Amino acid sequence: MYNPEAIEKKWQKYWDEINLFSIDLNDNRDKFYCLVMFPYPSGTLHVGHGRNYIIGDALARYKILDGYNVLSPIGWDAFGLPAENAAIKNNIHPKDWTISNIRRMKEQLIRWGIGYDWDREIATCHPGYYKWTQWVFLVLYRRVLAYKKLAGVNWCPSCATTLANEEVIGGSCERCDTPVEQKNQEQWFFKITEYAQKLLDDLSMLTEWPERVKVMQENWIGRSEGAEIDFKIEGTQRLLPCFTTRPDTIYGVTFMALAPEHPAIEELIIDSPNREEILQFINEVRREKKISREEAAAEKKGIPINRNVINPINGKAVPLWITNYALMEYGTGAVMGVPAHDQRDFEFARKYGLPVIPVIMPEGADLEATSMEAAYTDDGIQINSGHFNGLRNREAMQKIVGHMEERKVGRHRISYKIRDWLISRQRYWGTPIPIVYCGKCGEVPVPEADLPVMLPEIGNFRPKEGRSPLAHAEAFVNTRCPGCGGPAKRETDTIAQWLCSCWYFLRYLSPRDTQKAFDKSLAGRWLPVDQYIGGIEHAVLHLLYSRFIVKVLYDEGYIPFKEPFQALFTQGMICKTSSITGRLEKMSKSKGNVVSPDELIGKYGADTLRLYTLFIGPPEKDAEWNDRAVEGAFRFLNRIWRKVIELAPNLSGLSVELTGQAGLSKELKDLRRKTHATIRDVTRDIEGGFHFNTAISAIMELVNSIYLVKLDNEKNGLAVMKEAVEAAVILLSPFAPHIAEELWTKLGHMPTIFRAGWPDYDPDVIKTDEVLIVIQINGKLKGKIDVPPDLKEEEVRARVLALPKLMEWTKGKAIKKVIYVQGRLINIVAG
RNA sequence: GCGAGAGUGGCGGAAUUGGCAGACGCACUAGACUUAGGAUCUAGCGGGAAACCGUGGGGGUUCAACUCCCCCCUCUCGCACCA
């Protein structure tokens, strides 16, 4: 009787005792760094979370079996808001909340049979860890990649903190979905923009990353190439630079559009007769933007401000407008309006009766300004463009920019959408920013020797008036200047938790090192991570930030690699119909659709949970949890259990060498063939893209085949059976390790199965002595025959054409053509 | 609008990349074993009486198309007035 509860505890304890996952980094076998995104200790894990760890564990165990020295570490992304919010709500310390969650979740992981090197466990909220997060901050500070500035920033009123642009999803807070407000505040930034081009270029190194993650990062970086062109405000010396990707259309400029937030506006309208009207328009646009970005985007609106700008290429004056579609966040906040060749400008110009001047003609067609119904945005030949007329626009583009560069009125420019990364948070539960402010020395970094700047114990975690709770901790705030020794005040904001996870994969290599953040030579040997596994939700956030920090560390000479993660796998979400929304939703407490792993394990065991999670579907795709199908996984484990227990007395201790297929009955040959083909298929499925679902179905097929063989006690039969059963058990072991380990010992082996080696298959055994040839008439399946695999084409043709049924199939039609595909199929074309 | 991915039985999903569509599992049906079956084993299970028809729809290439090409529809995700 298969009793998972009894065996699972036993083997978990055993693996721990033999240090199956505790490794020596200096072992000279091939290394494999298998990393799952470490969890935020939010309470308990549900089966949806489990997918990540189960995939990672299956892979780690497979690699261990295959002889690699596998590093599979785990830790806790333990700083962050939920702890603090829970602390405020329940009146406990965020640290206590976090630690008790870690304890619970660790128990869960162990109960699932997930193997980690627990000696390397880290928690980012531990001073021994965040000391080095502060060190990373100081590395950036030293390179002037960390700086403080007053800026308009995203503010989440519910989280009571500022957010990075990457944390704002569709205008709302990534964490709590509250609409984000704009606020002017002094904040710390990391100059990720300085690495925009490198981050973009090196995406091409990431050949083992999902395309969509790379595309998302590419979009986010948002590079566009063009020119910055200086328009002069008529009657002044003041320049109004604008960015365009289409300098070839500069002769078609008929107006200039300014973002309502453009800093030049105030001065420009100071003595404007319709100043009030303009201010009203600006306020209106701002209000609309606040309500809904999309709605604000629906209709183009603008107001002229009775000023002109001079087009530097031809000296022509065009009117200046404030519009709702020019964005301050992109380019320079000023847009040259070319209605003939930009659809937005076109709509705007038609609405307000502004002129349309075509300057690029499609080849073999004609553009008529008055009759155009849409902008022409494709390539063509320059017209109305002074001495650039007649050139292809792509060529003219280069020449026009060159011409402007010579005359210093414009220049080639690359614009990026990505902004600098706002990293300061006005909350308590995070890494203190290691900076002090001195009346004499100004902003001073805390010297490395003085790290860590300890997060103080405080009584009240509630943030007040947009300031960190640390601002009220006098003993923390008041300090001495590391420079002059005079009185100074500490920075009271903390660092966004994202920074903690930007370098944790380095820390696993030397987690208790008190001298340095990480060991350069170990990092050089063990990184990049061979396989990183995690959720798609980190496509831009964690994965972009980590790439950035690694590049900085590389440039500083701390590490010899430019990219942290060689291969990335993003697993799909596990969903279930929510009783609250009535729809299929990602499992979450708030949707009331979580399945508790503890209950399931109590009923079926961890192996069933693991097997089902891997069998549920292609791991990169979302999947719907199905309680019924879980029983199927349990049934299968029972099935293999019963068969092995039944056979074990006859198989254990048996030693018969099988060489080739000679002397075996057809039934036994078939089973041997199946055994070896299954080894091949399972190996291929794991290696070739984590197809655990098909790997498991292949094992199920093998077990089905085992069931069909009727065994007498003939030696060969036992030997073939032993080979089949042992293969099934080993192949199953990465997925359902406890039952596999137990059955392995029942088959007379010493534990552990994970040192038994991944089986090889013999291609000769897989070869069949008969191949099935499909017979088609005009491409339609009509029949099948078995032939020897090496039978010559003419002979196969002859046999097929001699079939009595052929007449019936062809219905007396003449045979025009016969196509033979070696060992597969014969198609007779008749008509 | 741009980009990425997807659409196959009642359901989840397979198909070595152009060569038997529906592996494996769930659900369902029948038989066996049983005092019993919601356990287990065995078998069946796309539609159709059959010829045949069937992989979102329509064209095409090919001896042969889930797979390749063109057009269209639907869904998911990401970006989006990005100048």
Side-chain angles (χ1 to χ4, degrees), chain A residues 169-170 210-220 222-224 226-227 242-246 249 256-257 259 293-294 296-300 323-327 329-338 341-345 347-348 415-417 536-537 539-540 572-573 611-612 615-618 620-633 635-636 638-639 642 677 680-681 684-685 688 691 693-704 707-708 772-784 816-831:
Chain A
I169 309 292
E211 197 56 34
R212 62 176 178 149
V213 173
K214 290 192 278 184
V215 167
M216 280 164 78
Q217 294 208 358
E218 205 178 306
N219 287 342
W220 188 257
R223 180 189 201 269
S224 43
C242 72
F243 176 75
T244 179
T245 53
R246 294 293 303 273
T249 65
M256 171 161 283
R293 269 178 85 104
E294 286 96 66
E299 203 202 343
K300 288 170 188 44
T323 73
N324 66 340
Y325 76 91
L327 304 172
E329 308 89 79
Y330 187 76
T332 63
V335 182
M336 61 182 220
V338 188
H341 303 292
D342 182 285
Q343 186 57 27
R344 293 154 302 179
D345 298 343
E347 283 166 34
F348 188 78
S415 177
Y416 298 93
K417 225 174 66 181
I536 187 75
E537 66 274 18
V540 205
M573 293 181 305
L611 195 75
Y612 174 65
F615 188 64
I616 195 168
E620 70 280 5
K621 291 216 300 202
D622 290 352
E624 185 182 351
W625 187 268
N626 178 344
D627 291 314
R628 273 276 184 59
V630 175
E631 290 188 42
R635 241 180 342 238
F636 169 70
N638 274 287
R639 199 164 143 83
R642 277 192 304 272
R680 178 194 61 194
D681 292 348
R684 190 185 54 209
D685 284 347
H691 297 145
N693 53 332
T694 48
I696 290 165
S697 72
I699 302 170
M700 288 172 166
E701 283 186 62
L702 175 59
V703 171
N704 288 346
Y707 263 83
L708 291 179
L772 188 71
I773 301 292
V774 169
I775 303 166
Q776 293 182 341
I777 308 295
N778 290 333
K780 288 190 177 132
L781 177 74
K782 290 291 176 186
K784 301 163 185 186
K816 287 184 178 167
K817 202 170 164 189
V818 178
I819 288 131
Y820 177 64
V821 182
Q822 176 63 40
R824 277 187 181 275
L825 145 160
I826 188 160
N827 188 13
I828 296 162
V829 186

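This structure is a prediction, so every number in the text was calculated from the model and none was measured. Naming convention: chains lettered A, B, ... in sequence-line order (proteins, then strands); numbering from 1 in each chain. Just so you know, these numbers use all the heavy atoms, side chains as well, and skip hydrogens, waters and symmetry mates.
- Note on A:L708: only backbone sugar-phosphate atoms sit closer than 4.0 angstrom, heavy atoms only; bases stay farther off.
- Residue A:D622 comes nearest to A:M573 through the heavy atom pair OD1-N, 2.7 Å, listed as atom of the first residue, atom of the second, then distance.
- Checking B:A83, B:G25, B:U40 against every side-chain atom of A:N704, the shortest atom distance belongs to B:G25.
- Between B:C24, B:G19, B:G3, one nucleotide has an atom nearer to the side chain of A:V215 than all others, and that is B:G3.
- Comparing A:T694 and A:E701 by the nucleotide of RNA chain B whose heavy atom lies nearest to each, the residue mapping closer to the 5' end is A:T694.
- Qualifying side-chain contact (heavy atoms from CB on, under 4.5 Å) partners for A:R684, counting only residues two or more places apart in sequence or in other chains: A:R680, A:D681.
- A:D622 places its CG atom 14 Å from the P atom of B:A6, with the value rounded to the nearest Å.
- Contact annotation for A:K780: backbone-only contact, meaning every heavy-atom pair under 4.0 Å involves sugar-phosphate atoms and none involves a base.
- Nucleotide B:U67 forms a pair with no other nucleotide shown, judged by Watson-Crick or G-U wobble geometry with both contacts under 3.5 Å.
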Stepwise side chain to side chain contact (heavy atoms under 4.5 Å, CB included) check, A:M336 with A:T249: CA-CA 10 Å; A:M336 61 182 220; A:T249 65; 3.7 Å; yes
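- Taking atom C1' in both B:U35 and B:A30, the straight-line distance is 22 Å, to the nearest Å.
- Taking the C1' atoms as reference points, B:U17 lies 16 Å from B:U55, given to the whole Å.
- Base pairing annotation: B:C45 forms no Watson-Crick or G-U wobble pair, as no partner gives both donor-acceptor distances under 3.5 Å.
- In this structure, A:R628 does not reach the B:G12 phosphate: none of its side-chain N or O atoms is under 4.0 Å from OP1 or OP2.
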Side chain to side chain contact (heavy atoms under 4.5 Å, CB included) evaluation trace for A:E620 with A:I536: CA-CA 9 Å; A:E620 70 280 5; A:I536 187 75; over 6 Å; no
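- Across every strand in view, B:G3 sits in a pair with B:C77 that passes the Watson-Crick or G-U test at under 3.5 angstrom.
- The C1' atoms of B:U16 and B:A21 are separated by 15 Å, rounded to the nearest whole Å.
- Nucleotide B:G22 is matched to nothing when pairs are restricted to Watson-Crick or G-U wobble geometry with both distances under 3.5 angstrom.
- Which of B:U16, B:C63, B:G78 sits closest to the side chain of A:N219 comes down to B:G78.
- Going from the C1' atom of B:G46 to that of B:G9 covers 5 Å, rounded to whole Å.
- The A:A326 side chain lies nearest to B:A83 when the options are B:G19, B:A83, B:C24.
- The nucleotide whose nearest atom lies closest to any side-chain atom of A:R635 is, among B:A80, B:C26, B:A21, B:C26.
- The separation between A:F615 atom CZ and B:G12 atom P is 14 Å, rounded to whole Å.
- The NE2 atom of A:H691 sits 19 Å away from the P atom of B:C24 (whole-angstrom rounding).
- Comparing A:A259 and A:Q776, the nucleotide of RNA chain B nearest to each residue sits closer to the 5' end for A:Q776.
- Nucleotides B:C11 and B:G57 are separated by 15 Å at their P atoms, to the nearest Å.
- Within the 4.0 angstrom heavy-atom criterion, no nucleotide atom of any strand lies near A:I828.
- Note on A:K782: a side-chain N or O is less than 4.0 Å away from OP1 or OP2 of B:C52.
- Distances shown here put a side-chain N or O of A:Y707 below 4.0 Å from the OP1 or OP2 atom of B:C41.
- Taking syn as a glycosidic angle within 90° of 0, B:U17 qualifies as syn.
- Among the protein residues, A:G632 comes within range of the sugar-phosphate backbone only, with heavy atoms under 4.0 Å from sugar or phosphate atoms but none that close to a base.
- When heavy atoms are screened at a 4.0 angstrom cut-off, A:P618 is found touching the sugar-phosphate backbone but no base atom.
- Set against B:A21, B:A23, B:C82, the side chain of A:L781 has B:A21 as its closest nucleotide.
- Straight-line distance from the CG atom of A:N827 to the P atom of B:A64: 8 Å, rounded to whole Å.
- Distance from the side chain of A:R212 is smallest for B:A4 among the nucleotides B:C24, B:A4, B:C79.
- Nucleotides B:C82 and B:G25 have their C1' atoms positioned 48 Å apart, rounded to a whole Å.
- For A:S224, a side-chain nitrogen or oxygen approaches OP1 or OP2 of B:A83 to under 4.0 Å.
- The distance between atom CD of A:Q217 and atom P of B:A4, rounded to the nearest whole Å, is 17 Å.
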Side chain to side chain contact (heavy atoms under 4.5 Å, CB included) between A:C242 and A:V335, intermediate numbers included: CA-CA 6 Å; A:C242 72; A:V335 182; 5.9 Å; no
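- With a glycosidic angle further than 90° from 0, B:G56 counts as anti.
- For A:M700 and B:G13, the CE to C1' distance is 12 Å, given to the nearest whole Å.
- Looking at the side chain of A:S697, the nearest of the listed nucleotides B:C63, B:A83, B:A23 is B:A23.
- With hydrogens and angles left out, the side chain of A:K817 and the base of B:C63 share no donor-acceptor pair within 3.5 Å.
- Considering A:L825, A:I775, A:V774 as possible partners of A:L781, the one that fulfils the side chain to side chain contact (heavy atoms under 4.5 Å, CB included) test is A:V774.
- With no hydrogens or angles considered, a side-chain donor-acceptor pair links A:Y325 and A:D345 at under 3.5 Å.
- The minimum heavy-atom distance between A:A539 and A:Q217, with the atom names listed, is O-NE2, 2.8 Å.
- In this structure, A:R639 reaches the B:U42 phosphate: one of its side-chain N or O atoms is under 4.0 Å from OP1 or OP2.
- Between the CZ atom of A:R223 and the P atom of B:A83 there is a distance of 12 Å, rounded to whole Å.
- Here B:C11 presents its C1' atom at 16 Å from CG of A:N693, a figure rounded to the nearest Å.
- Listed nucleotides B:A83, B:G19, B:C41 differ in distance to A:T245; the shortest reach to its side chain belongs to B:A83.
- Proximity of A:K214 to the phosphate of B:G78: no side-chain N or O atom is located under 4.0 Å from OP1 or OP2.
- B:C72 and B:C66 have their P atoms separated by 22 Å, with the value rounded to a whole Å.
- No donor-acceptor contact under 3.5 Å links the side chain of A:K417 to the base of B:C82.
- With both ends at atom C1', the span from B:U34 to B:U40 equals 10 Å, rounded to whole Å.
- Put simply, the residue from A:I773, A:N827, A:I828 that forms a side chain to side chain contact (heavy atoms under 4.5 Å, CB included) with A:Y820 is A:I773.
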